[in-house]
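See structure below.
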Amino acid sequence: MATAALALALLVLALPASLAVTSTYVRPPPRATLSSLLEDDAGADGQTPQQVHISLVGPDKVRVSWITAADAPATVDYGTDPGQYPFSATGNTTAYSYVLYQSGSIHDAVIGPLQPSTNYYYRCSGSSSRELSFRTPPAALPFRFVVVGDLGQTGWTESTLKHVAAADYDALLLPGDLSYADLVQPRWDSYGRLVEPLASARPWMVTQGNHEVERLPLLEPRPFKAYNARWRMPYDYAAADSVAAAPPSDDNLFYSFDVAGGAVHVLMLGSYADYAAGSAQLRWLRADLAALRRRGTPPAFVLALVHVPWYSSNEAHQGEGDAMRDAMEALLYHGARVDAVFAGHVHAYERFHRVYAGKEDPCGPVYVTIGDGGNREGLANKFIDPQPSISAFREASFGHGRLEVVNATHALWTWHRNDDNQPVVADQVWINSLAANPTCNRSIKMM
Ligand SMILES: *[C@@H]1O[C@H](CO)[C@@H](O)[C@H](O)[C@H]1NC(C)=O
Ligand SMILES: *[C@@H]1O[C@H](CO)[C@@H](O)[C@H](O)[C@H]1NC(C)=O
Ligand SMILES: *[C@@H]1O[C@H](CO)[C@@H](O)[C@H](O)[C@H]1NC(C)=O
Ligand SMILES: [Fe+2]
């Protein structure tokens with residue numbers, strides 16, 4: 001209690017004067033990691049599926065990922081009516097050890113083809129006691145994303161997840177820093193249980209943050225051991241159309257995917273994968289963007305996610321994204337006309353105007369930092385004064401964002417702040433597609 005009061009006092013003192021004057025909302029202190037989540041629900045025989053989450057694999061398939069304490073079949077039975085499973089798929093099982101920790105059996109199976117905008121009911125490892133359901137995304141616009149970064153597993157996370165659950169959305173995007181397990185592997189399990197109600201019902205598409213690295217010199221030299229085993233993304237998905245298909249990346253740390261029948265292309269970039277000249281990530285990105293331009297119908301919107309922001313006027317982590325920005329910014333600008341870039345890492349919200357090479361530019365992406373999901377480290381309260389002219393809105397509060405791609409030319413971005421326990425729309429802006437902008441779309445060229 002005393003610690004919380006002290007934290008609050010420090011927090012209030014740390015508030016930049018300009019913010020304190022312009023906003024009456026008193027930013028809350030960090031909330032503790034939820035301890036009740038450490039309970040296991042494995043079942044007597046260890047076969048009860050837990051930590052279920054789904055992700056998109058191509059236009060009409062979904063990967064189901066789950067964990068059982070003991071070995072169990074990697075089967076998913078599914079159908080469009082509750083309690084009836086006319087379809088079945090068998091996938092693969094893996095596991096990992098981390099120092100003295102041994103994971104449960106980590107299963108995944110790809111199911112489909114599935115109908116768009118349809119509710120499916122499913123069970124994992126043949127467990128009738130745990131029927132789950134999800135809704136497939138629509139095959140055309142409109143398409144609704146939720147974007148939440150640096151989520152963690154605290155009381156604030158719970159509040160954010162509650163607000164997300166109240167939204168009617170099609171897929172969730174997470175730009176890194178998921179569990180804040182920070183080497184303590186059972187926290188990956190408690191995180192999996194915390195997000196399951198949402199992540200088993202809508203696709204969660206994630207990319208990595210620094211908290212996913214978990215490298216331990218000598219003991220655990222291989223980075224991303226837990227993350228790669230538990231949050232497998234469709235990096236190896238190869239589309240059938242060999243002319244316009246985006247190439248598989250061969251690395252879970254960066255990949256791309258389409259939604260809404262190809263109307264939106266999403267680049268999931270890796271802030272902690274090599275992005276230097278000649279790196280596999282840069283080669284893949286070039287090939288991905290080249291494939292975009294070979295398409296008969298280009299996507300209406302192109303989005304990118306990174307963990308470390310390329311533009312930020314927060315004092316926290318200042319300059320950390322510069323090297324990656326130098327490696328990729330021109331490619332995204334000239335090669336794809338990326339409409340918006342979402343980042344995490346800085347535990348605050350900030351939205352920029354369209355920016356390229358440090359200046360406002362009508363053909364550059366809108367940059368958004370949305371690292372305010374609810375992690376245990378608290379908020380990044382110190383912004384650089386004065387606010388740079390390229391920064392449109394900034395505030396250190398917990399919350400989540402929503403991007404509703406309404407049609408081929410318009411997308412509405414809103415930021416929902418957790419005011420105590422109520423979600424409040426505190427920032428909103430219309431983003432117009434650059435592909436439909438004749439000034440910007442003329443100069444698309446290969447780098
Ligand atoms: C299981 O793993 C193998 C080897 O990686 C792969 O070829 C196969 O497609 C996987 N099966 C499923 C259903 O995911
Ligand atoms: C797209 O949506 C915007 C915002 O609702 C609307 O103003 C515009 O007319 C729509 N365009 C088309 C072609 O329907
Ligand atoms: C560029 O914009 C113009 C005007 O909106 C549109 O007619 C054209 O199809 C666009 N080109 C591409 C490649 O999107
Ligand atoms: Fe981070």
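Ligands are counted one by one from 1 in listed order, and the atoms in each one are counted from 1 as well.
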Cation-pi check for Phe134 against Arg202: NZ or CZ below 6.0 Å from the six-membered ring centre and within 45 degrees of the axis, yes or no? no

Can you name the N/O/S atom of Asp177 that is nearest the Fe ion (ligand 4)? OD2

Can Arg193 be said to sit on top of Tyr191's aromatic six-ring, NZ or CZ under 6.0 Å from centre and within 45° of the ring axis? no

Does the ring center of Trp204 lie less than 6.0 Å from the ring center of His53? no

Relative to the Fe ion (ligand 4), which of the N, O or S atoms in His307 is the closest? NE2

When the ring centroid of Phe352 is compared with that of Tyr367, is the distance short of 6.0 Å? no

If you check every N/O/S atom of His345, which is the one nearest the Fe ion (ligand 4)? ND1

Parallel, tilted or perpendicular: which describes the rings of Phe254 and Trp284, with under 30° parallel and over 60° perpendicular? tilted

Nearest-neighbour protein heavy atom for atom 7 (O) of ligand 2, which is reported as residue plus atom name and distance: His410 NE2, 4.4 Å

Protein heavy atom under 4.0 angstrom of atom 9 (O) of ligand 2, is there one? no

How about His163 and His416: are their ring centres within less than 6.0 Å of each other? no

Numbered atoms and elements of ligand 2 in range of Trp430, under 4.0 angstrom, heavy atoms: 4 (C), 5 (O)

May I ask you to list the atoms of ligand 2 that are less than 4.0 angstrom from any heavy atom of Asn407? 1 (C), 2 (O), 3 (C), 8 (C), 10 (C), 11 (N), 12 (C), 14 (O)

